Amino acid sequence: MNSKSVLKRPVFVIGFMGSGKSSVAATMSKKFGLPSIELDAYIEQSQGQSISQIFDEVGDAGFREIETAALADAASRPAIISCGGGIVTRPENRKILQEHGFTVCLDVSADEAASRIGDFRSRPNFQSVEHASRLLQERHPLYEACADAMIDTNGKTIDEVADELFCLLESKGIIEMSRH
Ligand code: S3P
């Protein structure tokens, strides 16, 4: 008899740019066979434009409208949903995160985020380490307010964080093993 991991509810992965949200969600999918949705990729696909092009065309406020619609759409699916770093800036998004699933914040310092990202050009809101550091300070209380759990990712590999997240979700009964 084989066993398979099953996700009982949506799991939102939030945190600052460079915290590893997308890579951790992809690893959870690959390693444990869990469904995953990368919200920025979902937006790019539905809009037929890159995130940078969307920012150039409609700015941060326009992007946030599109992001809220994408989040509302994804929120009913039992998947690991990795969200963009600014998802917590809108009250309506915070409400969805708090009411529709289990939310995990991946914590990272601005310095470590910068070294992971390398080339900032694909991230319109990561302009320099100094700017990112101020933005992170501003957003941190919002991440804390939305998160059911925090995982410190500083100095850890993606694989280590994915394993930690898996154990956490198992301990909360959000991942169950089904035998077939
Ligand atoms: C943003 C983070 C990005 C993307 C957009 C805006 C932000 O996602 O949604 O560039 O304001 O923090 P990542 O956190 O996946 O880089």
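We're numbering straight along the sequence, starting at 1. Just so you know, these numbers use all the heavy atoms, side chains as well, and skip hydrogens, waters and symmetry mates. All values derive from a computational prediction rather than experimental measurement. Indexing begins at 1, ligand by ligand and atom by atom, following the structure's order.
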Should you measure from each heavy atom of [X], which atoms of ligand 1 turn up under 4.0 Å away?
| X | result |
| --- | --- |
| Arg64 | 6 (C), 7 (C), 11 (O) |
| Arg123 | 16 (O) |
| Gly84 | 8 (O), 9 (O), 14 (O) |
| Ile51 | 5 (C), 10 (O) |
| Pro124 | 10 (O) |
| Phe63 | 9 (O) |

Any N or O of [X] that comes nearer than 3.5 Å to an N or O of ligand 1?
| X | answer |
| --- | --- |
| Ser122 | no |
| Gly86 | yes |
| Glu38 | no |
| Lys21 | yes |

Treating Ile, Leu, Val, Met, Phe, Trp and Tyr as nodes and any side-chain heavy-atom pair under 4.5 angstrom as an edge, say whether Met28 and Ile151 lie in one connected cluster. yes
Ranked by distance from atom 15 (O) of ligand 1, the top protein heavy atom is Asp40 OD2, 3.5 Å
Closest non-hydrogen protein atom to atom 12 (O) of ligand 1, residue and atom name please, with distance? Arg139 NH1, 2.7 Å
Does the plane of the ring in Phe16 sit parallel, tilted or perpendicular to the ring in Tyr143? Use 30° and 60° as the thresholds. perpendicular
Can you tell me if Gln45 has over 12 outside heavy atoms packed within less than 6.0 Å of its CD? no
Please check if atom NZ in Lys95 has more than 12 non-hydrogen atoms from other residues, nucleotides or ligands closer than 6.0 Å. no
Rounded distance (nearest 0.5 Å) linking atom CG of Leu39 with atom NZ of Lys21: 10.5 Å
Can a salt bridge be assigned to the pair Lys156 and Glu164 using a cut-off of 4.0 Å between side-chain N and carboxylate O? yes
Ligand 1 contact by Glu44, heavy-atom criterion under 4.0 angstrom: no
If you take all heavy atoms of Ser109 and Asn154, which pair is closest and at what distance? N-OD1, 3.1 Å
Are a donor atom and an acceptor atom from the side chains of His131 and Asn125 found within less than 3.5 Å of each other? no
Do we see a donor-acceptor contact under 3.5 Å between the side chains of Ser23 and Arg116? no
